[in-house]
Amino acid sequence: MTDPRTKIQLDESALPTQWYNVVADLPAPPPPPLHPATLQPVGPDDLAPLFPMDLILQEVTTQRFVPIPEPVRDVYRLWRPTPLYRARRLEQALGTPARIYYKYEGVSPAGSHKPNTSVPQAYYNAKSGVKKLTTETGAGQWGTALAFACSLFDIECEVWMTRSSYDTKPFRKSIMEIFGATVHRSPSSVTASGRKILADDPESPGSLGIAISEAVEVAAADPGVRYALGSVLNHVLLHQTVIGEEALLQMAEAGDVPDLVVGCTGGGSNFSGLIFPILREKLAGRVGTSFLAVEPSGCPSFTRGRYTYDYGDTAGFTPLMKMHTLGHDFIPDPIHAGGLRYHGMSPLLSHIYELGIFNAVAKPQSECFAAGVLFARTEGIVPAPEPTHALAAVVEEAKRCAETGEDKVILTALCGHGLLDLAAYDSYLAGGVKDVDYPQERVDAALTHLPQIDL
Ligand SMILES: *Cc1c(COP(=O)(O)O)cnc(C)c1O
C-alpha cells in the first residue's frame with residue numbers, strides 16, 4: 001500500500017551507523033589504479049603524501065560495511081536523515097500514472113550531498129594531524145562543503161575554483177570565505193601547472209582536471225598539507241552511501257519499491273551513493289530495480305568516452321585509473337552544470353557500467369533547464385543545474401508512462417538546490433542557454449593524448 005504522505009522524514013535514530021562498500025558484492029573486482037612510472041598497482045605508500053591512512057585503507061577495503069565514526073555521525077545529525085518526497089504535483093503536471101520520489105540532499109549546510117564526504121575526510125585528516133587541505137571545485141559545491149567541514153575540525157582549506165564557475169558564481173566564493181577558506185581562480189599563477197596552462201591560453205576557462213593538478217601540486221610539495229577530492233574515488237562513493245541506506249528505509253515506509261533509479265553523473269558520487277545500497281538488494285535478488293545515469297551532452301564520458309587507463313588530472317600527477325574518459329587534457333566547453341564538467345568518471349562506477357549493471361544517457365542543457373523550471377513550479381525547490389539532468393530523464397520516462405499507462409515507481413537523487421545558480425536560470429529564461437555538442441573529431445583528438453601504455 002502506498003503511503004499517502006508527501007514527505008517521508010526519518011527521525012535521528014535512523015541515521016546510518018555504517019557505510020556500505022559495494023566492492024564486497026560485485027561479481028568481479030574493479031581494476032586497480034596504476035603507478036604511472038612502473039605501471040604496477042599503486043600501494044598505500046604511494047598515496048600517503050596525498051591522503052591520511054584511514055582514507056587510503058577505505059579506498060582499498062573489500063569489507064562490506066565500514067563503521068561511521070561517532071564524531072562524523074554527530075555532524076551528520078545537523079541535517080541527516082534527509083527527507084524523501086513524493087513529487088505528486090510534478091506527477092499531476094505530467095499527467096502520469098508513474099509515482100515519482102526524490103531524495104533531497106539540498107538541506108545540508110552546503111546545499112548539496114557533498115558534506116556527506118567532506119565531513120569524514122576532514123575528520124580523518126584532523127585525526128592524523130593534518131593542518132591544511134587543498135582541493136579543486138567546479139560549480140563551487142565541493143569547495144563549500146570542504147570549507148564547512150574544515151571549519152568544524154580546525155583545518156585550513158585552500159580551493160582552486162575553475163575559472164568558468166569563478167566568474168559566473170561569485171557568491172560561491174563568498175560562502176567558502178565565510179567558512180574560512182582561501183579561493184583561487186583556476187588556472188592560477190600560484191602553481192607551475194596553472195602557469196603552464198595560462199602561458200598557452202591566458203583566457204583558458206579552466207577545467208576540473210586543471211584545478212586538480214594545482215591542488216595536488218601544492219599538497220605534494222608540503223608534508224603538512226594533504227589533498228581532498230570531492231568525487232570519483234572509492235572512499236568518496238563509500239561515504240555517499242548514507243543517501244541510499246536512508247532511501248531504502250524511506251521507500252519501505254512509503255510502501256513502494258523503485259523500478260527505476262535515476263541520477264546525474266559528474267564524477268559519479270551522488271548517483272553511486274543512492275544506487276549502491278539498492279544494488280546490494282538487487283544483487284541479493286530482493287528487488288528488480290534498474291538504474292540510469294544521466295550526463296551532460298557537453299561532457300559525455302560514459303556515452304562517448306573510452307574505457308581505458310587515464311590520468312585523473314590534466315598535468316598527469318595522479319595515478320592512472322581505468323575509467324570512462326574523454327582524455328585528461330580535454331577541456332569541456334563551459335556549461336552551467338559546472339559539477340558535471342569532468343573529463344573522467346569514477347573508476348568503480350565505470351567498472352560497474354562495464355558489467356552491464358546500469359544504463360547511461362546524455363542530455364543537452366536546454367532540456368535539463370526546462371525540467372528544472374517545471375520542477376521548481378510544481379515542487380517548489382529550485383534544483384541545482386546538475387540534478388536537472390536527472391530530472392530531464394525522469395520527465396521523459398514519466399511522459400512515456402503517461403502514454404503506456406505504466407505505473408512505474410521512479411526514484412531520483414535531487415542532490416542539491418540551485419539558489420546559488422540563479423545566473424544560470426536567468427540566462428535560460430532569457431533564451432541564452434546554448435546546447436554544447438561535440439563533433440566526433442574533437443573527442444577523437446583528445447583521445448589521442450591518452451597515456452601510451454601497453455597492457
Ligand atoms: C558535485 C556535484 C555533482 C557532480 O558530482 P557527482 O560526484 O557526480 O555527484 C552533482 N550535483 C551536485 C549538486 C554537486 O554538488
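All residue numbers in this chain count up from 1 along the given sequence.
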Tell me yes or no: between the side chains of [X] and [Y], is some donor less than 3.5 Å from an acceptor?
X: Thr144; Y: Arg172; value: yes
X: Ser350; Y: Lys322; value: no
X: Gln250; Y: Tyr101; value: no
X: Glu295; Y: Thr303; value: yes

Could [X] and [Y] be called an ion pair, given the rule that one side-chain N must be under 4.0 Å from one carboxylate O?
X: Glu105; Y: Lys114; value: no
X: Arg400; Y: Glu403; value: no
X: Arg80; Y: Glu245; value: no

Under the 3.5 angstrom rule, does the side chain of [X] hit a backbone N or O of [Y] as a donor-acceptor pair?
X: Thr412; Y: Val262; value: yes
X: Arg226; Y: Ala48; value: yes
X: Thr134; Y: Ala215; value: yes
X: Asn125; Y: Ala122; value: no
X: Lys103; Y: Leu411; value: no
X: Ser186; Y: Gly206; value: no
X: Thr448; Y: Ala445; value: yes
X: Tyr342; Y: Thr265; value: no
X: Gln365; Y: Val433; value: no
X: Ser213; Y: Gly209; value: yes

| request: Would you please test Glu70 and Arg77 for salt bridge (charged side-chain N to carboxylate O under 4.0 Å, His left out) and show each step? | output: CA-CA 10 Å; Glu70 214 35 61; Arg77 276 191 193 95; 3.3 Å; yes
Quick test of your reading: applying ring-ring contact (aromatic ring centres under 6.0 Å, His included), list the pairs with at least one residue in [range], sequence neighbours left out, ordered by first then second residue.
range: residues 248-278; answer: Phe271-Phe358
range: residues 10-37; answer: Trp19-His239, Tyr20-Phe65
range: residues 312-337; answer: Phe302-His324, Tyr307-His324, Tyr311-His328, His324-Tyr353, Phe330-Tyr438, His336-Phe369

| task | Go through the steps to decide whether Thr314 and Ser207 satisfy the test side-chain contact (heavy atoms from CB on, under 4.5 Å), and finish with yes or no. | result | CA-CA 8 Å; Thr314 305; Ser207 69; 3.8 Å; yes
Hey, could you give me the [atom1]/[atom2] distance between [X] and [Y], rounded to the nearest 0.5 Å?
X: Ile381; Y: Tyr102; atom1: CD1; atom2: OH; result: 4.0 Å
X: Leu374; Y: Glu379; atom1: CG; atom2: CD; result: 9.0 Å
X: Leu50; Y: Thr318; atom1: CG; atom2: OG1; result: 9.5 Å
X: Ile212; Y: His343; atom1: CD1; atom2: NE2; result: 7.0 Å
X: Glu367; Y: Asp435; atom1: CD; atom2: CG; result: 8.5 Å
X: Ser301; Y: Met323; atom1: OG; atom2: CE; result: 9.0 Å

Measure across [X] and [Y] and return the closest heavy-atom pair with its distance rounded to 0.1 Å.
X: Pro277; Y: Ser272; value: CD-O, 4.3 Å
X: Ile8; Y: Ala254; value: CD1-CB, 3.4 Å
X: Asp11; Y: Pro81; value: O-CG, 3.7 Å
X: Thr289; Y: Lys282; value: O-NZ, 2.7 Å
X: Ile243; Y: His113; value: CD1-CB, 4.0 Å
X: Cys150; Y: Leu133; value: SG-CD1, 3.9 Å

| task | With side chain to side chain donor-acceptor pair (under 3.5 Å) as the test, would you mind laying out the steps for Ser164 and Arg341 before giving the verdict? | result | CA-CA 11 Å; Ser164 53; Arg341 205 173 146 253; 3.2 Å; yes
| query | Which residues pass the side chain to side chain contact (heavy atoms under 4.5 Å, CB included) test with Leu447, sequence neighbours left out? | reply |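 With neighbours one apart ignored, the set is Arg306, Val443, Leu450.
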| task | Under the side chain to side chain contact (heavy atoms under 4.5 Å, CB included) rule, collect the residues that match up with Ser297, sequence neighbours excluded. | result | Ala362, Pro364
Could you tell me whether the side chain of [Y] reaches within less than 4.5 Å of the side chain of [X], counting heavy atoms only?
X: Glu253; Y: Leu10; result: yes
X: Arg286; Y: Ile278; result: no
X: Leu326; Y: Pro332; result: no
X: Tyr76; Y: Pro16; result: no
X: Met53; Y: Ser128; result: no
X: Val218; Y: Trp160; result: yes
X: Pro33; Y: Leu320; result: no
X: Leu279; Y: Leu283; result: yes

| Passes side-chain contact (heavy atoms from CB on, under 4.5 Å), Val130 versus Tyr124? Steps please. | CA-CA 9 Å; Val130 170; Tyr124 289 119; over 6 Å; no
| request: Would you mind listing every salt bridge (charged side-chain N to carboxylate O under 4.0 Å, His left out) that reaches into residues 47-67, with sequence neighbours excluded? | output: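 Every salt bridge (charged side-chain N to carboxylate O under 4.0 Å, His left out) pair that includes a residue of residues 47-67, provided the two are not neighbours, is Asp25-Arg64, Asp54-Lys127.
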| side-chain contact (heavy atoms from CB on, under 4.5 Å) between Ile56 and His235, worked out | CA-CA 8 Å; Ile56 294 174; His235 66 267; over 6 Å; no
| request: Walk me through it: do Leu248 and Arg280 pass the test side-chain contact (heavy atoms from CB on, under 4.5 Å)? | output: CA-CA 11 Å; Leu248 275 173; Arg280 172 186 69 221; 3.6 Å; yes
| said: Going by side-chain contact (heavy atoms from CB on, under 4.5 Å), Glu136 matches just one of Val216, Leu146, Leu229. Which one? | reply: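 That would be Leu229; it is the only one of Val216, Leu146, Leu229 passing the side-chain contact (heavy atoms from CB on, under 4.5 Å) with Glu136.
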